[in-house]
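Side-chain atoms are counted along with the backbone in the values below, which use heavy atoms only and exclude waters and symmetry mates. Sequence lines set the chain letters: A, B, ... in the order given, protein chains first and strands last, and positions in each chain run from 1.
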Number of protein chains: 2
Amino acid sequence: MKRVTIKDLSKYLLLSTSTISRALVNDKNIHPDTKKKVLDAAEKLGYKPNTAALNLKYGQSKSIGVVVPEMTTPFSSMLLSGIQNILYPLGYRVIITPSDETPSIERKNLLHLEEFNVDGIIINLCHESYNDDVYQQIMDRGTPLVFFDRIPGKSIDASKVMVNDNIKAALMVEHLISTGRKRIAHIMGPSTIRNANERAAGYQRILDKHGIFDPDLVIKSEGTTFEHGRIAAQQLLNNKIKFDSIFAFTDTLAIGAMNYLLEQRIKIPEQIAVASFSGTELATIVHPKLTSVEQPLVQMGEVAARLILEKINDSTAASKTVILDAELVYRASTQL
Amino acid sequence: MKRVTIKDLSKYLLLSTSTISRALVNDKNIHPDTKKKVLDAAEKLGYKPNTAALNLKYGQSKSIGVVVPEMTTPFSSMLLSGIQNILYPLGYRVIITPSDETPSIERKNLLHLEEFNVDGIIINLCHESYNDDVYQQIMDRGTPLVFFDRIPGKSIDASKVMVNDNIKAALMVEHLISTGRKRIAHIMGPSTIRNANERAAGYQRILDKHGIFDPDLVIKSEGTTFEHGRIAAQQLLNNKIKFDSIFAFTDTLAIGAMNYLLEQRIKIPEQIAVASFSGTELATIVHPKLTSVEQPLVQMGEVAARLILEKINDSTAASKTVILDAELVYRASTQL
DNA sequence: AGTATCCATGGGAACGTGCCCAAAATTCGG
DNA sequence: CCGAATTTTGGGCACGTTCCCATGGATACT
């Protein structure tokens, strides 16, 4: 099945390719009758513009790369729908590459995307510094980068989208305190993730303020999977430290922890309340439903897409950092 | 930042573009010294082949479209990693478009992907027949299609990958019976999905065989979300029908149902056992963990990718239907 | 030494499109 | 009714790459 080109139309209608082209791109220098004839023939023969030719012509690939740390939770998929909301109507392809929370894979993905000639890359890091050199290289070579959610530790001249982790974590801890909790444990994310440190800082700030901070209450998790959450909960219980609630770095960790507690026949929230940070459906599909900081994920994706478009359309555009608001949603896991 | 082309190398080394090209593609008709010089210069100047030019040259876009009904569960992401395992090493881009379980969006996505000139499309349907005409059109126009998981109802000449829904559903129901359950309810998926009918048929076949089938035990769900599962469970309880277990069309429905039961303080599995069908992590992150038919999702993705490659590389290749095995995993939701 | 063979390189067309420039066809003003 | 202005069309180059064909030079054989 040979594809129909402008040349085919040209032969078919006995018109030059220039005229055909003009009809197709809505050029004003063309007779309405001719234009109609061309459009009809294009429809009839099933003409489809060849994107490869256009890409070559304009030096753009009309595709955007997205790097996410994982795709097994709805987190990334919500961000993606935001990104696609903006980019698909503009004719961009979106190419997604999961890094599996592994910096070396992230690195490979980035270079791979560059190889694909993407016009820009939107990325949610898995390590705050490991690939700093690559980010800079890629940008130096002319491909704009936009960071979202997990941004680099070191300041890099690129647009960024995120929420205020520190403040929102603090507010969530305040909520736990307001429900009478005093021994609030924290399952902290890997310290190679900037947000983990920010949220931990917000947590500590409030406990300090109330004079109830205890370093033993903080468990540093080495990863972000459900299993890591389980392990953290197990550690907390094994440590024989008293605690009446948990604030976890993410939904995933919180749910893993919750499962372990439930298996140990601990009642949530009666004995231990659980709160976390995210913005996905995950919080509502467990029992009891999880109190969490709901990030506006779809909106974050949309903003990230707009920021990358700005950079693509004007490579000298100033970098912007957009901080979105997140809402605290109180559910059964912290309320009797 | 202008990109480096073969012409730049040509000027830089005072060699023709032909020679540069030969060096780059490992042609044998080139002096080793020249080749080394070119390769070094390419490295030094940061030459990257222009994919758009290659795509134009070879008439392929080196990209594959994937249409999935949803992306909020790990289901699609596991399939995607399978697909990407195969396609990325071969230099293919993968473009993902979620249809949101809406046939009209699926239709739009398919046409959109065709517009993008993808070399092939891998699709998991959201309706067994609504878009039949488009599938056929797209294939007629020369873009191969591969169906996986949810395949079309009507027979279409295209490769397909799936598991044997009927048999596996039957085995799962046998398991419930073997644990002493006699009143097994079924939350059936929308009958516009072939698999829903197949699994329901497997369910009924076994209940009939044991003479314990009761049509009142079957709830037809209108959708596949967690919420639909909740509603189904609610209906079951409201109907005042006695039942001691549930076999659900998918994990998602099962978990939604489980949540409702737990909220009603019903004990799982003591009072009601729950089993389902899927193959994702979801089954293990709820409490109690969910017994389910584990489909080899990553493998399914890999097979789908290989099948589409076959069709791309030889448009006359015969269509294949691959049926993969699925494993029953028994967890806490059905065992005391 | 002359010719045939081989190797390394250069020239240029092609993929499909848009756009610049020129040419043809039409309209307009006097 | 003729030249000028305007509209409509055609020719051909460019984007970056590969590959066929041709060319030049070196080597081998008679």
Side-chain angles (χ1 to χ4, degrees), chain A residues 1-39 41-42 45-63 91 114-119 141-143, chain B residues 1-39 41-42 45-63 91 114-119 141-143:
Chain A
M1 185 66 50
K2 184 72 174 41
R3 54 177 309 132
V4 181
T5 75
I6 273 191
K7 285 187 188 169
D8 297 326
L9 291 176
S10 154
K11 270 182 213 146
Y12 180 74
L13 294 170
L14 301 173
L15 285 169
S16 73
T17 58
S18 315
T19 306
I20 309 287
S21 172
R22 264 186 286 262
L24 260 20
V25 294
N26 261 321
D27 194 295
K28 54 182 180 296
N29 292 320
I30 190 168
H31 195 90
D33 294 353
T34 320
K35 181 169 164 182
K36 185 169 183 326
K37 242 190 300 182
V38 173
L39 260 33
L45 301 190
Y47 169 77
K48 291 263 163 62
N50 184 324
T51 34
L54 294 174
N55 295 343
L56 174 58
K57 182 90 186 159
Y58 294 118
Q60 291 203 355
S61 66
K62 278 279 186 175
S63 57
E114 202 189 10
E115 205 80 26
F116 276 167
N117 285 312
V118 294
D119 297 335
R141 286 191 217 117
T143 306
Chain B
M1 185 64 51
K2 185 71 174 39
R3 54 177 311 131
V4 181
T5 74
I6 272 192
K7 286 188 187 171
D8 297 326
L9 290 176
S10 154
K11 271 181 212 148
Y12 180 74
L13 294 170
L14 301 173
L15 285 169
S16 73
T17 57
S18 314
T19 307
I20 308 286
S21 172
R22 266 186 285 262
L24 261 20
V25 295
N26 263 321
D27 193 294
K28 54 181 181 298
N29 292 321
I30 190 168
H31 195 91
D33 295 353
T34 321
K35 181 170 164 183
K36 187 174 181 323
K37 243 190 301 182
V38 173
L39 259 32
L45 301 189
Y47 168 78
K48 292 261 164 61
N50 184 323
T51 35
L54 294 175
N55 294 344
L56 175 59
K57 184 85 187 160
Y58 293 118
Q60 291 203 354
S61 66
K62 278 278 184 178
S63 56
E114 202 189 10
E115 205 79 26
F116 275 168
N117 283 314
V118 293
D119 297 335
R141 286 190 217 116
T143 306

- Query: side-chain hydrogen bond (donor to acceptor under 3.5 Å, both in side chains) between A:S16 and A:T19: does it pass, once the steps are laid out?
  - Reply: CA-CA 5 Å; A:S16 73; A:T19 306; 3.0 Å; yes
- Task: Quickly work out the B:N29 CG to D:dG25 C1' distance and round it to whole Å.
- Result: 15 Å
- Message: I'd like to know if the side chain of B:D119 pairs up with that of B:S61 as donor and acceptor (distance under 3.5 Å, no hydrogens or angles considered).
- Response: yes
- Take atom CG of A:N55 and atom C1' of C:dC15, then tell me their distance rounded to the nearest Å. 14 Å
- Nucleotide C:dT17, atom P - distance to CG of A:D8 in whole Å: 9 Å
- For a side-chain contact (heavy atoms from CB on, under 4.5 Å) with B:D33, tell me which candidate from B:K37, B:H31, B:K36 qualifies. B:H31
- Should A:L24 and A:L39 be marked as a side-chain contact (heavy atoms from CB on, under 4.5 Å) after you check the CA-CA gap, both sets of side-chain angles, and the distance that decides it? CA-CA 7 Å; A:L24 260 20; A:L39 260 33; 3.7 Å; yes
- Item | d(NZ, B:K62; P, D:dG16) in whole Å | 21 Å
- Is there a donor-acceptor pair closer than 3.5 Å between any side-chain N or O of B:S10 and the backbone N or O of B:L15? yes
- Item | Between C1' of D:dG16 and CG of B:L9, the distance in whole Å | 12 Å
- Task: Applying side-chain contact (heavy atoms from CB on, under 4.5 Å), run through B:T5 and B:N50 and close with a yes or a no.
- Result: CA-CA 8 Å; B:T5 74; B:N50 184 323; over 6 Å; no
- Message: Using the rule given for side-chain hydrogen bond (donor to acceptor under 3.5 Å, both in side chains), can you reason through B:K48 versus A:N117, listing the C-alpha separation, both sets of side-chain angles and the distance that settles it, and then say yes or no?
- Response: CA-CA 9 Å; B:K48 292 261 164 61; A:N117 285 312; over 6 Å; no
- What residue pairs, at least two apart or across chains, pass salt bridge (charged side-chain N to carboxylate O under 4.0 Å, His left out) with a residue in residues 50-59 of chain A? none
- Task: Could you tell me, to 10°, how much the axis swings from one end of the helix from C:dA1-D:dT30 to C:dG30-D:dC1 to the other, five pairs per end?
- Result: 60°
- Whole-Å distance, A:L13 CG to D:dG10 P, equals 10 Å
- Report the distance from atom CG of A:L15 to atom C1' of C:dA25, rounded to the nearest whole Å. 14 Å
Got a list of protein N/O to nucleotides 17-20 of chain D N/O distances below 3.5 Å?
residue	atom	partner	partner atom	Å
D:dT17	OP1	B:Y47	OH	2.5
D:dT17	OP1	B:N50	N	3.2
D:dT17	OP2	B:I6	N	2.5
D:dT18	OP2	B:S21	OG	2.8
D:dT18	O3'	B:Y58	OH	3.1
D:dT18	O2	B:K57	NZ	2.6

- Message: Quick one, A:N55 and A:K62 - any side-chain contact, counting heavy atoms below 4.5 Å?
- Response: yes
- Item | Between C1' of D:dT8 and NZ of A:K37, the distance in whole Å | 12 Å
